[in-house]
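Indexing begins at 1, ligand by ligand and atom by atom, following the structure's order. If you're wondering where the values come from, they're calculated on a predicted model, not measured in any experiment.
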Amino acid sequence: MIRFFLFIGFSLALNAHAADPHGLTLDQWIQQQTADSIHSMLANMSPADGIPGSVIASPENDAIPYYFHWVRDAALTNLTLLHLLEMTGGPEQDGYKQKLFDFASFSALIQTTAGLGEPKFYVTGQPYTGPWARPQNDGPALRAITLMQFMNWLIAHQEGDSARKTVVPVIQKDLLYVRDHWRDPSYDLWEEVKGDHFYTRMVQRRALLEGARMAGPLGLDGPQLAAQANLMSNEILKHWDATRGYFVATLNWTDGLDYKASNLDASFVLGILHGHTDDGFLPYTDSRVLQTVQKVIDAFKPLYGVNAFAGVPGVAIGRYVEDRYAGENFNGGNPWVLLTAAMSQYLNRAALEFRMSGNSRSARQYKDLADEMILRVKYHAPADGIFSEQIDRNTGFMTSARDLTWSHTEVLEALAARAADGLR
Ligand code: NOJ
Ligand code: NOJ
């Protein structure tokens, strides 16, 4: 146990001039990057040639076709937008709120043009009909999570009527889909493996539990949703592999990519973050969670050239060690901005949980590790603040899809967690 608290040997002493390619202090960079990432995120929402409420994954559309509305990316983006709405009292409020209504309307439209497990749509609302990894059943769960939080915000601001008209019907469909289909095998968030996935189950579970808590205004049967969520908890715990000492990504493989021998995946960290709901299930400081996170860091540290750069703190994190996807080709995996940022967010949340439980020593350690991860993101961040999907594993420069919306939102969430950890 102690071993996990001490974490691992990569921890470099933090010093003020490490990783400072633009001559900015960490605080200066955070301020600038926050503005840049909000700007990119908003620019990728409701594109001029699309229906309001659509969100492009990235403006790239040629070599790497990312100019589409992915249900997952769009739901996560709108969740971050909602967090911004909650934090701002300024004149942006109305614009953010309108965008969330647009997202709800666009979602209502695409719920009618294809099955709910359909992952990817044109910005005009038609489903992408080429060959693809489908269904992806994390999408409806994530969309329900986002829209339920928006519904709560609206109710708290005396706009329950508009919530009932535009938002509630979308949530109802998504939750009933999750309730009835969570046992079906689906493709994972990386659109590669068909089976039962830790990430997908975590967000499905959260959606149903939060749906159960709001069953009244949603007009749904709360105990019935909660019962399914509880069954899901048992299935999630089956991902714990005591021999390997980590939660494996996929059980009951049925199709798709078959070379992920380790079954260890950084989507675990996303599952813990995006699936978190305050019911005490798999808390950030659960020993098995800490152990899995450590395995993820240990796996990526020796894998990428960038992680051997002298004097650069933290560890750049990729999807899984066997990954071959580099954007335009399959010549080897790279670290991802969003996963390195998510690691920082996770470490800050663990630090806060340690602190609440009175373990201030571990809290401090995790806090420092979280900052090393954010310094790592800063090191690779381009001066114009525009993140791509990936970081070249050897050169450290941005690569793959340019200006990836999800990179920006995950960085914003990491910076918000850093500010909210109560340790500064
Ligand atoms: C293969 C990648 O591994 C996957 O993650 C991606 O979503 C698709 N190609 C589409 O770009
Ligand atoms: C590839 C990622 O694997 C997937 O999760 C994502 O939805 C798409 N890119 C679009 O960003």
For ligand 2, which atoms, with element, lie under 4.0 Å from some heavy atom of [X]?
| X | answer |
| --- | --- |
| R72 | 4 (C), 5 (O), 7 (O) |
| D73 | 6 (C), 7 (O), 10 (C), 11 (O) |
| A57 | 10 (C), 11 (O) |

R319 contact mode with ligand 1 (heavy-atom cut-off under 4.0 Å):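 Side chain only.
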Nearest-0.5 Å distance, OH of residue Y379 to CD1 of residue I391: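 Between atom OH of Y379 and atom CD1 of I391 there are 11.0 Å.
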Cation-pi geometry met for R205 and F281 (6.0 Å, 45°):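 Geometry flag: set, cation within 6.0 Å and 45°.
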Within 45° cone of Y259 ring axis and under 6.0 Å: R324 NZ or CZ: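 Judged by the rule, R324 and Y259 form a cation-pi pair.
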Enumerated ligand 1 atoms positioned under 4.0 Å from heavy atoms of Y66: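 Contacts of ligand 1 toward Y66, numbered from 1: 11 (O).
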Ligand-residue contact atoms, ligand 1 with E192, heavy atoms, under 4.0 Å: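 Answer for ligand 1: 2 (C), 3 (O).
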Test: K165 and E159 ion pair at under 4.0 Å: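 Looking at K165 and E159, the cut-off is not met.
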More than 12 heavy atoms from other groups under 6.0 Å of CD on Q28: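 More than 12 within 6.0 Å, yes.
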Neighbour count >12 (heavy atoms, 6.0 Å) for atom CG, D62: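 Open.
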Is [X] touching ligand 2 with its side chain, its backbone, both, or neither, if touching means heavy atoms under 4.0 Å apart?
| X | answer |
| --- | --- |
| W406 | side chain |
| L404 | side chain |
| W190 | both |

Please list the nearest protein heavy atom to [atom] with its residue and the distance rounded to 0.1 Å.
| atom | result |
| --- | --- |
| atom 1 (C) of ligand 1 | F330 CZ, 3.7 Å |
| atom 7 (O) of ligand 1 | E191 OE1, 2.3 Å |
| atom 4 (C) of ligand 2 | L189 O, 3.4 Å |

From K120, R72, R134, residue fulfilling salt bridge (charged side-chain N to carboxylate O under 4.0 Å, His left out) relative to E191: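 Among K120, R72, R134, the one meeting salt bridge (charged side-chain N to carboxylate O under 4.0 Å, His left out) with E191 is R72.
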Salt bridge (charged side-chain N to carboxylate O under 4.0 Å, His left out), paired with R143, selected from D174, D138, D73: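 Among D174, D138, D73, the one meeting salt bridge (charged side-chain N to carboxylate O under 4.0 Å, His left out) with R143 is D174.
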Sub-3.5 Å N/O-N/O distance, W132 and ligand 1: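 It does not: no N or O of W132 is found under 3.5 Å from an N or O of ligand 1.
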Passing option when E389 is tested against Y66, W406, W336 for side-chain hydrogen bond (donor to acceptor under 3.5 Å, both in side chains):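 Exactly one option meets the side-chain hydrogen bond (donor to acceptor under 3.5 Å, both in side chains) with E389, and it is Y66.
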